[in-house]
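Please read the structure below before turning to the comments.
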Amino acid sequence: MKKLLSILAVLALAVLAACGANNSNSEGSSGEGEDSDKLVVGASNIPHAEILEEAKPVLKEKGVELEIKTFQDYILPNKTLANGELDANYFQTIPYMDLQMEENKNYDFVNAGGIHIEPIGVYSQDYGSLEELPEGAQIIMSNSVSDHGRMLSLLEAQGLITLEEGVKAADATVENIADNPKNIEFKTDVEASLLPQIYQQGEGDAVMINTNYAIDAGLNPQEDAIALEDSDSPYVNVITVNKGDEDNEAVKTLVEVLRSEDIQNFIKEEYNGAVVPVNE
């Protein structure tokens with residue numbers, strides 16, 4: 001009887017060890033084994049999640065199972081990437097990613113590949129162009145400091161303001177405005193996702209809205225914006241991963257598929273120029 005119990009105990013330990021080995025391969029973004037080609041990617045609803053949905057069947061054919069988790073803000077996608085709940089995220093530009101890493105020392109992200117550009121637009125319920133804005137007009141911007149230089153550069157290119165000489169566009173803030181002939185007032189404390197609602201409520205004289213939020217709110221940047229950032233903007237939306245995961249084969253396949261001709265054509269046709277695909 002003792003011998004039988006000993007044999008049973010050994011068998012039980014073997015089963016537990018085998019289960020432990022299987023579990024160790026099912027967690028983490030770079031684990032090998034049965035689930036090593038599954039990717040969990042966080043994304044903004046529009047256009048990022050829509051683009052990923054289009055890529056999903058193509059990825060499956062290439063042996064990569066894609067799970068998409070959608071987010072409504074710009075904070076949680078990086079938090080969940082840093083704590084390992086995501087393998088990658090797809091919503092941000094490189095300047096924003098760099099700023100987030102400066103402000104959060106536990107973030108160690110890298111750009112795995114640029115996919116598209118979303119030109120920022122200026123929207124107004126009352127005026128048809130920036131030239132029509134009156135003296136002392138209020139322009140509402142997001143509280144995302146990494147976007148301020150981008151937005152101000154757009155206004156400078158349109159001749160509304162002039163930035164201080166020598167200030168890099170990516171680093172510019174309202175404090176760097178050297179010439180403001182119309183004495184434009186800038187409100188810069190609004191959460192980016194709320195900007196379409198602010199615009200629809202008629203607040204301010206003009207509102208600067210990120211394209212993903214504009215499209216999500218039913219706006220057409222090409223038709224509704226009174227000014228739109230050039231498509232050659234350096235603010236490319238990238239696939240972001242934790243450092244070291246940029247060499248993961250599944251991540252490389254994801255970037256390759258998103259840059260494929262089929263997906264790029266989908267982006268062009270679906271968003272009619274409001275989202276511009278890139279290959280770098």
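Because the structure is a prediction, the values reported are computed rather than measured. We're numbering straight along the sequence, starting at 1.
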Exercise for the section: Mind jotting down which residue pairs meet the ring pair (Phe, Tyr, Trp, His ring centres under 6.0 Å) criterion with at least one end in residues 143-202? Sequence neighbours excluded, please. Expected result: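 Passing the test, one end in residues 143-202: Y123-Y199.
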Shared ILVMFWY cluster between [X] and [Y], side chains joined below 4.5 angstrom?
X    : Y    : result
Y107 : L86  : yes
I46  : I263 : yes
V41  : V58  : yes
I209 : V122 : no
Y127 : M141 : yes

Any [X] side-chain heavy atom under 4.5 Å of [Y] side chain:
X    : Y    : answer
S124 : V207 : no
I51  : L258 : yes
I68  : E53  : yes
L163 : L152 : yes
L228 : Q222 : yes
L130 : I226 : yes
L59  : T253 : yes
V40  : K69  : yes

Between [X] and [Y], does at least one N-O distance fall below 4.0 Å, as a salt bridge requires?
X    : Y    : answer
E256 : K62  : yes
D245 : K243 : no
K60  : E65  : no

Spacing of [X] atom [atom1] and [Y] atom [atom2] [to the nearest 0.5 Å]:
X    : Y    : atom1 : atom2 : result
I115 : I239 : CD1   : CD1   : 5.0 Å
L39  : L52  : CG    : CG    : 10.0 Å
D179 : T162 : CG    : OG1   : 4.5 Å
I94  : N111 : CD1   : CG    : 4.5 Å
I75  : T80  : CD1   : OG1   : 11.0 Å
R150 : Y96  : CZ    : OH    : 13.0 Å

Shortest non-hydrogen contact between [X] and [Y], atoms and distance:
X    : Y    : answer
N106 : A82  : ND2-CB, 4.4 Å
G113 : V255 : CA-CG1, 4.2 Å
G114 : V236 : CA-CG1, 3.6 Å
A217 : P196 : CB-CB, 3.5 Å
A206 : L133 : CB-CD2, 4.3 Å
A49  : A43  : N-CB, 3.9 Å

Backbone N/O of [Y] and side chain of [X]: donor-acceptor pair under 3.5 Å:
X    : Y    : result
E185 : Q138 : no
N248 : A250 : yes
E246 : G244 : yes
S193 : D73  : no
D216 : N212 : no

Exercise for the section: Kindly indicate, with the supporting measurements, whether the criterion side-chain contact (heavy atoms from CB on, under 4.5 Å) is fulfilled by D87 and V251. Expected result: CA-CA 8 Å; D87 298 300; V251 170; 5.6 Å; no
Practice task
Report the C-alpha distance between I184 and I177 in whole Å, list the side-chain angles of each, state the deciding distance to 0.1 Å, and finish with yes or no for side-chain contact (heavy atoms from CB on, under 4.5 Å).
Solution key: CA-CA 10 Å; I184 300 296; I177 297 175; over 6 Å; no
Is there a donor-acceptor contact under 3.5 Å linking the side chains of [X] and [Y]?
X    : Y    : answer
N45  : E50  : no
E135 : N183 : yes
D108 : N242 : no
S144 : S142 : no
N83  : E85  : yes
Q92  : N78  : yes
E118 : H116 : yes

Handout entry: E164 vs N176, side-chain hydrogen bond (donor to acceptor under 3.5 Å, both in side chains): CA-CA, chis, key distance, verdict
Key = CA-CA 6 Å; E164 293 173 349; N176 299 121; 3.2 Å; yes
Would you say [X] has more than 12 foreign heavy atoms packed within less than 6.0 Å of its [atom1]?
X    : atom1 : answer
E131 : CD    : no
K182 : NZ    : yes
E165 : CD    : no

Practice task
Please test Q264 against V278 for side-chain contact (heavy atoms from CB on, under 4.5 Å), starting from the C-alpha separation and ending with a verdict.
Solution key: CA-CA 8 Å; Q264 291 203 335; V278 300; 5.8 Å; no
Practice task
Quick one: do Y74 and F91 satisfy ring-ring contact (aromatic ring centres under 6.0 Å, His included)? Show the steps, please.
Solution key: CA-CA 8 Å; Y74 288 165; F91 79 100; 5.7 Å; yes
Handout entry: Parallel, tilted or perpendicular: rings of H48 and Y90 (30°, 60°)
Key =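 Taking H48 first and then Y90, their aromatic rings stand perpendicular (interplane angle over 60°).
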Practice task
Evaluate the side-chain contact (heavy atoms from CB on, under 4.5 Å) criterion for residues M151 and L155: first the C-alpha distance (whole Å), next the side-chain angles of each, then the deciding distance (0.1 Å), finally the verdict.
Solution key: CA-CA 7 Å; M151 293 175 173; L155 298 180; 5.8 Å; no
Exercise for the section: Not counting sequence neighbours, which residues clear side chain to side chain contact (heavy atoms under 4.5 Å, CB included) with N143? List them please. Expected result: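 Listed in chain order: E191.
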